[in-house]
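Lettering follows sequence order; numbering is per chain, from 1.
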2 protein chains.
Amino acid sequence: MNQYSCLTLPKAPRTARGRKTQAKLLDAAEVEFGERGFHDASIAGITARADVALGTFYVYFEGKEAIFRALVAHFSRLTRSVIAERIVGAPDRVTAERLGLEAFIEHARAHPHIYRIIGEAQFVAPDAYQAYYQTFADAYETGLKAASARGDIREGHAEELAWALIGMNVFLGQRYGLWNPDKPAADVAAAISEFVAYGLKGQRDRSQA
Amino acid sequence: MNQYSCLTLPKAPRTARGRKTQAKLLDAAEVEFGERGFHDASIAGITARADVALGTFYVYFEGKEAIFRALVAHFSRLTRSVIAERIVGAPDRVTAERLGLEAFIEHARAHPHIYRIIGEAQFVAPDAYQAYYQTFADAYETGLKAASARGDIREGHAEELAWALIGMNVFLGQRYGLWNPDKPAADVAAAISEFVAYGLKGQRDRSQA
DNA sequence: GTTAAACATGAATACTGATTCATGTTTCGG
DNA sequence: CCGAAACATGAATCAGTATTCATGTTTAAC
């Protein structure tokens, strides 16, 4: 219930009751935006789900877009940390890619609301959306460069590769996580791993897969 | 002006005047939706741009969503044909991938409206959006299978690969076509081509790039 | 326990914009 | 040229909802 406590929010509550109410609103907003989309979602819908009065919303948020942006910022961090946790300690970059894709598909499957909200941010809060992927891409690029420095993968074109790999992940997450969540995420990740391994290393590697 | 004539439209005009007015509305809607997004776009905005009266809109379209869907269907076909034309006659699959990506980035750069409209379809007309990418993926998969049958690329996982490659194209198109359209599309495509070549063929091929 | 700040309330406000419709005008086959 | 169908018009209708605000209640510091 209190998963948002770390956020710098528009109107910080000063009492325990206030923090609880704000957290209820954010939880409710996740469901309302996730189910109905930004424009069909209503403040009345959010406050009804949170079981507070309509006016209470404006005690804690500037308006509809403000709470949406708060959710985007929160879920951006959450998604990155879920992936990061999963690939920590991977023996090499190709394994990291496979585990990251698996984590991404599973996360999308478990939290479809989050993916709808981030996707809609492209049009509702374009700057936040772009910042999200730029941060992701920067980290990716750094990771790829480190991997090539230690001889894990070939050198060069890390920036373009980072965006290409992110796009791969997003679309596979959409297709196999959100649209047709039947196939095990690990199977999809394994199927793609060969492509990524050859693509990044330029030769077959029998030590992993 | 008459680029929509092939479409099966909700209310087919019966006279030359009618066809011209409907085409003006579709052209105007492309700009209105492309610049302001689906929800901020207004029917009044469309009819003003088309230089017709408000009520005229409803002579030709059921409503706001109907004209949006007509645009999505039209641009889906257009995008596919632009890519298809570019890769016809490519000597091998890897070259086709490179030319396709180049075409995609250039097309996104030249027609940002189209890409905003298709992107928003994800939330405004999810079925149309999904159908668009499913069609794309099916064609892609067929192409990959044909390529592996003739020994161009490795066998296996054509479905997953199709979605991965589409995701790559979309994100590179977004990054280098829409957000930072400075780098030549051919350079980006060349940078990624090595990754795709190794990934699909599993060994260096010195005959092309 | 007092009290000032923080929080909660929901009816009222204010505005937007999609869609309808009754009425005129143009087209085109005959 | 005539008439019926097609097309054009824009004021009026209709619905929905984001945001405000005046008022009442709870919290927590002292």
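For A:Ala90, the side chain to side chain contact (heavy atoms under 4.5 Å, CB included) test picks out A:Thr95, A:Ala96, A:Leu99, with sequence neighbours left out. A search for ring-ring contact (aromatic ring centres under 6.0 Å, His included) contacts involving B:Tyr133 returns A:Phe171, B:Tyr129, not counting sequence neighbours.
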Below 3.5 Å, can you tabulate the donor-acceptor pairs from side chains in residues 156-168 of chain B to any protein atom, sequence neighbours excluded?
{"residue": "B:Glu159", "atom": "OE2", "partner": "A:Arg175", "partner atom": "NH2", "Å": "3.3"}
{"residue": "B:Glu159", "atom": "OE2", "partner": "A:Tyr176", "partner atom": "OH", "Å": "2.5"}
{"residue": "B:Glu160", "atom": "OE2", "partner": "A:Lys183", "partner atom": "NZ", "Å": "3.3"}

Show me the donor-acceptor pairs, under 3.5 Å and distance only, between side chains in residues 43-53 of chain A and residues at least two apart or in other chains.
{"residue": "A:Thr47", "atom": "OG1", "partner": "A:Ile43", "partner atom": "O", "Å": "3.2"}
{"residue": "A:Thr47", "atom": "OG1", "partner": "A:Ala44", "partner atom": "O", "Å": "3.1"}
{"residue": "A:Arg49", "atom": "NE", "partner": "A:Glu32", "partner atom": "OE1", "Å": "2.7"}
{"residue": "A:Arg49", "atom": "NH2", "partner": "A:Glu32", "partner atom": "OE1", "Å": "3.0"}
{"residue": "A:Arg49", "atom": "NH2", "partner": "A:Glu35", "partner atom": "OE1", "Å": "3.2"}

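Pairs engaging residues 13-36 of chain B under the ring-ring contact (aromatic ring centres under 6.0 Å, His included) rule: B:Phe33-B:Phe38, B:Phe33-B:Phe68 [sequence neighbours left out].
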Per-nucleotide protein contact string for nucleotides 6-19 of chain D, where B marks a base within reach and S marks sugar-phosphate only (heavy atoms under 4.0 Å, - for neither): SSSBBB------SB
